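Reviewing the structure listed below.
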Amino acid sequence: LTLDLTREDRNMLEGGYDPGVAMAMSIITRMAEVSGAACLIDISAAHIDSALFMGDATLEFAERLVELGAKVRVPTSLNVSGLDEAGWREWPVPEAYAEKALRQMAAYQRMGCTPTWTCAPYQTEFRPQFGQQIAWGESNAIAFVNSVVGARTERYPDLLDICAAITGRVPAIGLHLLENRRGQILLRLEHVPRSMQDSSIFYPVLGTIMGRAAGERVPVVDGLDITPNEDQLKALGAAAASAGGVALYHLVGLTPEAPSLQAVFQGLLPEEEVKINEDLLVTTYRGLSSASGNRLDMVAVGCPHFSLAEFQQLVSIIKGKRRHPDVQFLVTTNRFMVGKAWEAGYLDALHEFGARVSLDACILTSPMLPPEIQVILTNSGKYTYYTPGLLNRQVFLGSLEECVDSAVEGRLVREDSVWNR
Amino acid sequence: MEPMMVGRVVVAGEVRGHVLVSLEPISFWGGYDQATGEIIDRRHPLTGQMAAGKILAIPYTRGSSTTTAVLLESVKEGKSPAAILTSGVDRFLALASIVADEMYARPIPILALEPGDFLKLHSGQVLRITLDGRIFFVDADDHLKD
């Protein structure tokens, strides 16, 4: 198989620009060969996960690109940072880590990336248009932008995302191509009560089922009776991308590339059909909590980063309440969204409730949790999936209402709902 | 000697070592300790096993796009698997190996196997992998002589 390069591609590869461009292009073309791509295509935007400090090698990679004169060619947003630049000293973040995390953050800004520092860039001005070819990193962002926006990105891993932004070129493979965006596996909701579909916990649970059933395939969900809001779709995709390798999903009649079952399968039959009923949903939900008993040390919401609508929803639930002194309440979001929340007057209510807001970072990726925090309650399927292995802490999955009630009571409190009976 | 199987070369390399195999995909981010090479995903069947220096055989990686960075760090730390076998080309792993080559001239050999061949592997077997993708079964005594 041969990769067809344009004259400009070869120019980048063979030293017509700074050596950083040649290094990025070498990685892009080697990956194109590994992937069996026939050619490269243009992208018009990128979202970079690589600015998160993971260790000395990723820092060395970034600083080498800067040293070699690399600059991004397309508008480029940045995913969560290694730490909350303004507030990290309020958490037990080690100094040695902070020094390197800040260097890595600076390197990506020196290459011309915009410091958006969010895992939910689709809720900022960097949200692309339907059909736009882009190169995005961060699994939840990839799932959202492909599925809900209808822009086209493959799953860009760390390090390749910045090479795509520097060259503006990517291998023509996978979800960049229309034929690979068809549905592959059909998930049918059967007699799932509307009250269940209305509850916010439905989305991380359904996402987990989608991820487990689909693996890396494209799942199609048929039979939703309601129109989920964007934050529910965000929770759905984040869970599906964690529990499986889902980078694109379709909801028949709801998402932009799924006007009908026939259209979404592009005239082919589903490879597999899975029925989803109330039992499967409840069993899946119960299996997601790794903690037991009712001890609780912290509530964490904002995975992916909290949106303005989620701030509004939280503020309406916490009005007049105060958290128990033994349970911390953490909201993770970014500098852009907290500015919006401040303008809307939401931050005072959070302060009165006793919530802390951490900016730009993530508890999964910044070493910020004190050791006494051992049991965490969250409304996020993604946190639920990663916390036991990554942070060695135990988790409960619960609704936003349960998160608030539990924080007030100082222990896990379950609602009387179909999920807990 | 006839090779036990032949894989598609994703990143070429010559290596021999014990194989650690699972049919369960893994996310390196949250699943692989880059400083020690231990599999740390508590839900994964290989949890608690050391993959550093071994030939890791997994069908594909899943979850976050941070898998590549974790694998690259493990190369720098000297705690990466000696080689990786997958069922089909896994781009997340290939990238880590290509960047390890660009930066340190230390690529991790990666082969993509036919699904049927993947099922012939058992943890603890000693394998030898050649530059052109042939995989030989080596008995343990022979291995010790090197």
Side-chain angles (χ1 to χ4, degrees), chain A residues 23-24 26-31 33-36 49-50 52-61 64 79 119 136-142 154-161 163 171 173-174 211 215-216 238 241-247 287 290 364-365 382 385-392, chain B residues 8-12 24-35 38-44 47-48 59-80 87-104 106-107 110 112:
Chain A
M23 177 172 159
S26 170
I27 293 170
I28 289 282
T29 52
R30 289 179 75 177
M31 286 302 292
E33 280 161 5
V34 161
S35 314
D49 188 44
S50 310
L52 177 67
F53 177 71
M54 300 287 298
D56 293 338
T58 52
L59 175 58
E60 197 177 329
F61 177 76
R64 185 170 310 174
N79 201 51
C119 51
W136 275 28
E138 166 54 42
S139 67
N140 103 81
I142 293 164
E154 248 300 302
R155 307 163 175 86
Y156 282 88
D158 280 22
L159 314 178
L160 188 60
D161 52 14
C163 294
I173 56 159
E216 296 201 302
S242 305
V246 173
S290 69
L364 293 177
T365 56
K382 181 169 180 170
Y385 185 83
Y386 283 116
T387 295
L390 210 55
L391 302 180
N392 205 16
Chain B
R8 178 184 158 194
V9 176
V10 178
V11 179
E24 188 71 26
I26 197 166
S27 165
F28 272 62
W29 188 58
Y32 192 92
D33 186 336
Q34 67 197 38
E38 184 185 339
I39 309 280
I40 53 170
D41 180 345
R42 305 284 173 236
R43 292 178 169 94
H44 198 276
T47 191
Y60 60 92
T61 60
R62 77 173 169 205
S64 172
S65 55
T66 316
T67 277
T68 305
V70 174
L71 187 56
L72 179 66
E73 295 296 344
S74 78
V75 173
K76 189 179 166 78
E77 302 271 345
K79 297 296 180 187
S80 70
S87 71
V89 176
D90 187 302
R91 295 183 310 114
F92 289 68
L93 299 176
L95 176 65
S97 178
I98 288 169
V99 175
D101 190 20
E102 296 269 342
M103 289 182 64
Y104 306 119
R106 268 157 58 195
I110 300 179

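Bear in mind that the values here come from a model prediction, so they are computed numbers and not experimental data. Residue numbers begin at 1 in each chain, while the letters A, B, ... track the order of the sequences.
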Checklist entry - With sequence neighbours left out, what residues match B:Asp33 under salt bridge (Lys or Arg N to Asp or Glu O under 4.0 Å)? => result none
Next on the checklist: Counting only non-hydrogen atoms closer than 4.5 Å, does A:Leu364 touch chain B with its backbone (N, CA, C, O), its side chain (CB onward), both, or neither?
Outcome noted: both
Item to check | Where B:Gly30 and A:Leu390 come nearest, the two heavy atoms and their spacing | outcome: CA-CD1, 3.0 Å
Next on the checklist: Is B:Val10 close to chain A through its backbone or its side chain, or both, or neither, when contacts mean heavy atoms under 4.5 Å?
Outcome noted: both
Checklist entry - If you take all heavy atoms of A:Pro157 and B:Phe92, which pair is closest and at what distance? => result CB-CD2, 3.9 Å
Checklist entry - Quick one: does B:Leu95's side chain get under 4.5 Å of A:Tyr156's, heavy atoms only? => result no
Item to check | Closest-packed option against chain A by number of heavy-atom pairs under 4.5 Å, given B:Asp101, B:Ile98, B:Leu72, B:Val9 | outcome: B:Ile98
Item to check | Atom NZ of B:Lys76 with >12 non-hydrogen neighbours under 6.0 angstrom | outcome: yes
Checklist entry - With chain B, which of A:Glu60, A:Met23, A:Arg64 has the greatest number of heavy-atom pairs at distances under 4.5 Å? => result A:Glu60
Checklist entry - At a heavy-atom separation under 4.5 Å, does B:Gln34 approach chain A through its side chain, its backbone, both, or neither? => result side chain
Checklist entry - So do B:Glu102 and A:Phe61 actually touch side chain to side chain, heavy atoms under 4.5 Å? => result no
Checklist entry - For A:Asn392, is it the side chain, the backbone, both or neither that has a heavy atom under 4.5 Å from a heavy atom of chain B? => result side chain
Item to check | ring pair (Phe, Tyr, Trp, His ring centres under 6.0 Å) partners of A:Phe53, counting only residues at least two apart | outcome: A:Tyr97
Next on the checklist: Strictly distance-based, threshold 3.5 Å: is any side-chain N or O of B:Arg43 a donor or acceptor partner for the main-chain N or O of A:Pro388?
Outcome noted: no
Checklist outcome for this item: Counting heavy-atom pairs under 4.5 Å with chain B, the top scorer among A:Ala57, A:Gly55, A:Gly389 is A:Ala57
Checklist entry - Which bit of A:Ile173 is near chain B, if near means a heavy-atom gap under 4.5 Å: side chain, backbone, both or neither? => result side chain
Checklist outcome for this item: Greatest number of non-hydrogen atom pairs under 4.5 angstrom with chain B, of A:Val246, A:Asp56, A:Thr387, A:Asn79, falls to A:Asp56
